[in-house]
Structure formats: structure tokens, C-alpha cells
Amino acid sequence: MRSEPALPATRNRRRLWILALAMVAIFPLALLLPRTFPLLPYYFLVVVLSASFATPRQMAPLIAEAYVLAIGSGTFWGFFPSIDFVIQLVGLSGVALMAVRLSAQRCQTLARLQRSEETLRLTLDNTSVGIALANADGQLTRVNPALCRMFGRDADTLQNQNWRELTHPDDIQLELPLFEELVANRRSSYRLRKRFLKADSTAGWIDLSVACVRRSEGGVDFCIGEAIDITRQVEAELAQARSEEQMRISIETARVGVAICSPGTGQFLMLSPALCCLLGQDEAALKSIGLLQALRIVDPTAEAEQEPEAAAAQDTDPMAQVAAVLAGERSLCQMRLRLTRPDGSVIWGDLQVSNLKISEGTVEQVLVELIDISELKAKTDYLQAAAAAGVVGIWDWDVPRNVLHWDPVMYRLYGRNPSDFAGAYEAWADAVHPQDKAATEAAVKSALRGESVYAAQFRVVWPDGSVHHLQAASHTSFDPAGRPLRMLGVNYEVTELAEAQAQITAERQRLRTTLDSLLDPHLILGPVRDSGGQITDLRIIQANPAAAAYNRMPLEIFVGTTVRQSWPGIVTSGLFDLYLNVLASGQPLALDDFVFHHESHGQERHFDIRAVKVDDDLSITWSDVTERATAMAQLTASEQQFRLLAENSTDVVVHLAADDKVLWVSPSLQTVLGWEPGDWIGHPIGELIQSFGNRPCQPLTNHSRPGQCLIRRDQIRSRDGHSHWIESRWSSFLNAAKEPDGEVCTFRIIDVEVSTERELERRAATDSLTALLNREEVFSQIQRLTVQQQRKGQELAVLFCDLDHFKTVNDTYGHNAGDAVLQAMAARVRSCLRSSDLAARIGGDELLVVLPGVQGINDAITIAEKLRRLASQPVPITDSEVSITISVGVALAQEGESLDALIARADAAMYDAKQNGRDQVVAITADT
């Protein structure tokens, strides 16, 4: 591939001096030898030799020297200026000129070779694709910078290595047979994916294409390889496979009923054990009957519970809703059902069936989720009955909007009238007793952070000054990002209970009885002091049965042991020092999700721990929340997976608020259109689309219904100013109350699809040979133009053209020549027409021209004559020319005249032109 370097200037000058001296040496030899010995050609032989390395300019002194020495020797022997000598000198001058020409050609060839080498070098050095040249043994002989960056080595290092040394050991046998077949001339090239070794010994992936250049005898001259780094692509594919495996494991380990079904049939593809348990059948039985039959065990006496808005927008038949989702008619259905299992037991469940779609919008799978809410339903019924009896007050707090709703019982519990209540968190906090306010608000904040369940007992002060004790119980719901959305709870009065508890607290024995009845472990620890009065250990003074059972020891043995004896892990984890701090400061200790190694269970466990100082002792209660922590970890992993799906989707997803402003947009916006998500957030979607397209995009807000999806097409501009076609899907976003609260829009670029559709429309309306309109399209256009021209009071003319003796052209020159003639005639017809005129091919050699807006028959005849004259010019074909003429019939459209009648009159006029000798224009009127 490399050209030979040019000889140094000093080396050329040395050779020229040698040749000049050689020529000078010939001169005395010519004087010494007999005059019959011809040495004249040898002067110019030296000139010819210099052409192999010198430039024409460098040869000029040698040529001059050759002439001087030749004339000198000719004068010495008396040859000059004889005719024979001059003729020989002229002939040798031709040799000198030929040598100069050869030198010039050699210099040009060398310059082209150098330019080609420089072009190849620049191409290799600046391409982003790694390129390498190798010999038949696989030794690299040349590499470009892109390949050096890819392998993390310099060019000198790579050029001393074989491709086998750079390939991952596990992939050498994958490529070796292909390379051997290439060298053996059994294949011309090959392509494969393989791993390569970087300089730091890490492995990467490349897409490798290898071809070879062979010598004339078939042997390999050199091999050329192109490598594209696909490490990130392969890693993404592997990550997707791992994600699918994680999803399978998540389904199998899910604590709620989850299944994946086929769309249409509802055949189960994957089921969680929890769903099999809820439906009371094993996996094989459920897979044999499918989703619809599995859900036909709905108790016929039970009604499906729905929200009022959902009931108005959906069918009441649960099976019809599920079937609609399977058929792709709906994206989602949610309902609450009472199910009867094969064993006769009844459960309540929240059922959700939703479609999982791929990027093209096609339903790929159906996701089924079933949650057992039997216990919740029983508690809800009890709570509603209690509220109806006026015992329990129900409250609902919308956290983001700070709107607090009370039922009538709540007003009685707080001693207030509805007109006195502001309906916000601050209004409730004002009613709490000042001494309980800090602790109660801390419990509320802990529940909002998801750290605990709000179930505080506190005092409220009525307007008349009386104090009442209330107990709260609640449930907090969160959005996917962990932000609190809603807190729903109850209050009931426990004044008498609080007073009783105060009395019980004063009586230690009754306290002991109460502690023994607790399900959570409880201990009273007393300090063990050394001789100096320092606390060295904590001894168990009292313990309830739950504490002894949790530590797997008899109660009588358990009481009396010390913390260091029973739980060394408490000391090493730092919990022991926290206990000592409670004894020293008197401040209660509240630890949630504290982890340490519990000796009795032989593993690390998670605990919620509460410790308070009672006199000089320490009261400790704990709950083992290991299962809760595990569930939260699984939930976090699941949320992370869904977040990765949203962030890596190739479609753009936009979440709109109720006022059409963008709340969130997926990161794929930057990949698809070049915009950063922050450029859109906070702006109305209509304003954004309006500024980029020709038409405003009206969202679905205020006229969409849950479950509906609108598909539309719009134009949008990317950040670089280019216009694109998009296909968007609009659907309502349902909040936690299953009410429409904004919208979700997804869109993707469909420039290729729109371009294809337009090309198909163009092909359907034109003739494939001439690119003129076809028969159906031009007839449709004539009908439209006839109505428009009559409404404007203008004339419309039709020219019916037929090529004269066209069959003779096909018979004489062949159909290819005939096609060339038709194409030439079509081009000439178009050149004669205005932009508003139409031209079509309606038969083999029949052309139709439509002229809207003419002033009369004379205008149409003028255009027809121009067309006839232009058509008579010869048409060049492969080795000849074809002369052909056309006959044209002209007709004006008459009011009320049908299309067939108009075409028939123009055809009749053309036929008259044929009968009258061809190559002429004949016009016809309505009366003719």
C-alpha cells in the first residue's frame, strides 16, 4: 500500500553528475576511435538513462551537453554540417524528446501515487471506524488511530502483534476457521461479533468485517479489517436479558398474585405461587383453562365494586371488561370482586388487568394482578358500621393540596362546628393539646416519610376548655417516587381508657400483667455496676412471655441473665451504648429498622426498638420487622426496574397536569428530538407543539375518559430545526382515587412511514413508464376541475393525442425503442404545459392533456399546435433516430356534459385528424 519514497535531491544530483561525466568520457573516445565507429547515439543513450530517475528540468543540462558533444565530435571528423549528420541528430532529438516525455509521465505517476497514499492515510487517520491491514499470517501491518483508541495501544505495539493475541481466548476458535477459509480462497470475506482484549486486560466487544486483496495468481496480498466497538450495545443486551430474568424471579417471589397472559386468548404464560394460592388451583390447572375461565369462578351473587366515575365509563360485566383488555380494545381494567374458590371458600380481591405494549404500540403481553383484600374489606365494613353508629370519626387528608375532610362524627369528637373548621392540617394541629402537639406532629411526619404508621394517642382541647383523649389509626399512600399523596384514618375517643391506663401505670403488678399480654417482646433492664459505680452490664429484671419465646429460652431462665450473656451482638453493634445513653440522659430511644446479628436466630435481623427510662431501670420493646425490610427492598428493586424501563424507552413519554403543563418527560426526548427534559417541564404542551408545528396540538383534557386512548399524527420540530412527523398516543392519567388527573402522551418519529405512504400514493396516481398521471387519476381530476371552472365562468379544454404509426416503431426498433419514444413524448408534453395543466397516459400510445382556465377553443388549438410541432422532432434512440408525429383532437367542456361525452368528442376529433392524413390538430365543438 505504501509508495516508494522519492530519492533525495543529493542522490539525484550525484547520479546526474555521474551521467554527465560518462558523456564527457564518450567524447575523447569518439575522437580516438576510427571515424567509422558510430558513437553519436551513445550521447543520447545517457539522456534516456537519466529519464528513469530525473525530472524533465533536471534532464535539460544533459540534453544540452549531448548536443554540444555530438556537434563537437561531428565537427572534428568533418561530419557537421552534412545532411546525413543533421538527419541523425534530428532522429536522436526524437529519442531525447521521448525520454523527456517518459520522465514527465513517471513524475506524474509518482505524484498521483503520493496523493493516493496521502488520501488513504488521511482516510484511515480520521475515520471513526477501527481499520487494520494484516498479512496472510494474521500479523498486523498497519492500523489507524481509531483502532489504537479502541484497543488502548499505540500503533507500534499493535503492528507487532497477531490478531490472535488481541482476541479473547474463548473467541479465537470462533474466528480461526473463517480466517483460514479466507486465506485458502474458499471465501472472500466474513463478519462476526467477538470479544477483544484491551491494554488493561479488560474485554470489549466489536463487530468485525474482514476481506482480503489477492494477487494475480490468487494468493493473499493483504487482509483488511473494519472493527466497530459494540461493547455498550452488547452490555445493554445482556442487561435486558438479566432484567427479564429478574422479572421472572420477581413474579415467582411476589407476595401478591401476579401473572403474565397472552393477548387475545388469555392463556397463562407465567404465574406467581401467590396467585395460584389465591385462586385455589395449581399452576398446571390454571394454565390449562386460561384467564377468562379462571375468572369465571366469580360469585354470581356478588356485585363488582367500582368507583362511581369508573362505573359510568365502563361496562358493569367484569368478564366483558377483562375480555376487552385481552382483545386490545382497552388498555386497563380495575375492579373489586368477591371470588368463590373450588373448595367453597370466599375471598375479596382487587383485580387489575393491563396491556403491556412494545414501542410500536402492539400489545405484547397482558399483566394480571390480584390482591387479597378480604381482611381489609372486613375491617372497612366494620369501620363503616362504626361510623354509622357515631362511634368512630373518619378523616381524609390530601397531603399535596393540604385539604383535610372530616365526617360528622369528627366534628363531635373535637367539639367543633363545620363552620369553625378551616379544613387544613393547621386547623387540626391547633386543636391538639399543647403538651401532645410536638409528639403527635412527629408521629405524623414519621408516617409521611414512610417510617411508621400513624396511630397516635393524644389529647384535644375543646372550645369550652375541656380535655378529651383521642386515638388515631391511619394508612398513608405514596406515589412511585415515595412522596406522600393521601392519609386516610379514623379517630375515636379514649378518654376513659386513658384515665384507666394512668391508674394501671401506677400499679406495677397490673403493668406486669399488661406487659405479659403483649404480643411484642418487652423487657425491664436494670444496671449492673462495678465497684466504682460504673454500669458494666444490664440485667433482665422483668420479661414478658413474648420476649422469652423470641429468644427461645424458658421465662424462668431468661429472667436474670445479662445482655452481654444473651446478646453479644447488642454490644458489638453499638446498641448497648445507646441504652446507657437513655439511662444517663433520660431521653427515649426510638430506632426503626435497626440491624444486628441475633444469636438465638443465628442471622442478622431487622428491629424496631423503643427504650425509655423508668425510674433507674430501662423499659425496652422491640418488633422483628425483617420481613417488612425484605419486602421494602424488593419493592425498591421493582421500582428501580420500572424506572429503568421508562428512562431507556425509545418512545418519548410525557406526563401532563390537569392544566396541560408538562410535569415529567422521559430522557428519550434528548435522543429523539435533541431537547433536554428540562426544556419542556413546566410549559403547556399546546404551547410547545404550537411553536414547533403548523397546527396546535389539543390535549385530551376535559373530554377523555378512563381507558380510552387517542392516536393522532402531528408535525414537530427538533432542536436543530428539522421538521418530523410523529405518531402520538393520548390517554388519561388516573390518580390514587382512580380519577382522571392530567394525561399521559407517548410519541415516536414516523418520518419513514409517512414518506412511504406518500410514495405509494404517488405511484398509485401515475403511469410507471412516463411518470404522467394514469387514467383513473386524470378522470378524477377532470371531474373536479370541470365543477371549479364552471363555478369561475372559465373554459376547460381536453386534448386527445395519439402517436402516428407507433406500432411501426415497436415492430422495427423493438419495444425498448417504443418505450423511449413514449418517455420522450411525455417530457415534451410536460414542457408545453402550465403548472395548472394536467397530462396523462390513458392507453398504449394515447395521451390526454387537460387545459383548465382557457379563454376559448383558439387558445386550446394554439397549445395543441405547439405540442404537435415539438412532437415531430426526431427522437434519438440507441444507434439511430426515430421520427414520429401525433394527431390531436381538441374539445371544450360544455355545461352539463358528462366526462364520457367530453372524452368521446375529443377522441372523435382525433380520429378525424387521423383520417385526414395524420400529424394535424382537429377541433370539435358541441354542435359538430
Side-chain angles (χ1 to χ4, degrees), residues 305 307-309 376-479 483-505 588 590 658 735-739 741:
E305 292 190 351
E307 296 291 339
E309 296 83 354
L376 176 63
K377 186 66 170 61
K379 291 182 178 180
T380 302
D381 293 342
Y382 170 77
L383 186 60
Q384 291 176 347
V391 177
V392 177
I394 303 175
W395 52 271
D396 185 357
W397 182 26
D398 186 338
V399 180
R401 295 187 296 173
N402 192 22
V403 177
L404 183 60
H405 295 285
W406 280 3
D407 73 344
V409 179
M410 287 290 295
Y411 291 104
R412 294 201 298 271
L413 292 176
Y414 281 76
R416 282 165 170 76
N417 296 320
S419 59
D420 301 331
F421 181 66
Y425 173 85
E426 292 75 14
W428 165 82
D430 290 341
V432 178
H433 194 285
Q435 295 180 359
D436 295 346
K437 187 173 182 179
T440 307
E441 288 189 332
V444 172
K445 293 178 181 178
S446 177
L448 293 178
R449 293 192 298 268
E451 297 172 351
S452 63
V453 176
Y454 173 64
Q457 181 176 323
F458 55 93
R459 291 169 291 175
V460 296
V461 180
W462 285 20
D464 60 4
S466 60
V467 177
H468 298 261
H469 294 258
L470 298 181
Q471 176 66 51
S474 70
H475 171 74
T476 306
S477 57
F478 301 86
D479 65 9
R483 296 184 293 268
L485 295 176
R486 184 182 183 188
M487 183 179 284
L488 179 65
V490 296
N491 282 173
Y492 53 92
E493 187 168 358
V494 292
T495 302
E496 295 181 359
L497 179 61
E499 295 172 352
Q501 287 177 341
Q503 296 175 358
I504 294 174
T505 302
N735 59 20
K738 308 304 179 185
E739 297 174 345
D741 185 15

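Index from 1, following the sequence.
For the residue pair Thr495 and His469, the shortest heavy atom distance occurs at OG1-N, 2.9 Å. Contact record, Gly393 with Asp407: CA-OD1, 3.6 Å, taken as the closest heavy-atom pair. In terms of heavy atoms, Ala472 sits closest to Asn491 at CB-ND2, 3.3 Å. Between Leu470 and Val494, the closest heavy-atom pair is C-CG2, 3.6 Å. The two residues Pro434 and Val461 make their nearest non-hydrogen contact at CD-CG2, 4.5 Å. Scanning all heavy atoms of the two residues, the minimum distance from Phe478 to Ala447 falls at CZ-O, 3.4 Å.
If you take CE on Met410 and NE2 on His405, they are separated by 12.5 Å, rounding to the nearest 0.5 Å. Note: Ser446 OG to Glu451 CD = 4.5 Å, rounded to the nearest 0.5 Å. With rounding to the nearest 0.5 angstrom, the OH atom of Tyr492 is 8.0 Å from the CD atom of Gln457. Separating the NE2 atom in His433 from the NE2 atom in His468 is a distance of 11.5 Å, to the nearest 0.5 Å. Distance check: Leu488 CG to Trp395 CH2 gives 7.5 Å after rounding to the nearest 0.5 Å. Interatomic distance, Ile394 CD1 to Asp396 CG, rounded to the nearest 0.5 Å: 10.0 Å.
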Review point. Going through the checks in order, is the side-chain contact (heavy atoms from CB on, under 4.5 Å) test met by Lys437 and Asp430?
Key: CA-CA 9 Å; Lys437 187 173 182 179; Asp430 290 341; 4.2 Å; yes

Practice item. Kindly determine whether Leu485 and Arg483 satisfy side-chain contact (heavy atoms from CB on, under 4.5 Å), including the steps that lead there. Key: CA-CA 6 Å; Leu485 295 176; Arg483 296 184 293 268; 5.6 Å; no

**Study point:** side-chain contact (heavy atoms from CB on, under 4.5 Å) between Thr476 and Tyr454, intermediate numbers included
**Key:** CA-CA 8 Å; Thr476 306; Tyr454 173 64; 5.5 Å; no

Review point. Given Leu413 and Trp406, is the side-chain contact (heavy atoms from CB on, under 4.5 Å) satisfied, shown in steps?
Key: CA-CA 11 Å; Leu413 292 176; Trp406 280 3; over 6 Å; no

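Under the salt bridge (Lys or Arg N to Asp or Glu O under 4.0 Å) criterion, Glu441 pairs with no residue at all, not counting sequence neighbours.
A 6.0 Å sphere centred on CD of Glu496 holds no more than 12 heavy atoms belonging to other residues, nucleotides or ligands.
Counting only distance, with no hydrogens or angles, the side chain of Asp436 and the backbone of Ala439 share no donor-acceptor pair below 3.5 Å.
Using the six-membered ring where Trp is involved, Tyr425 and Trp428 have ring planes that are tilted, between 30° and 60° apart.
Side-chain atoms of Ser419 and Asn417 form no donor-acceptor pair, as typed in the model, at a separation below 3.5 Å.
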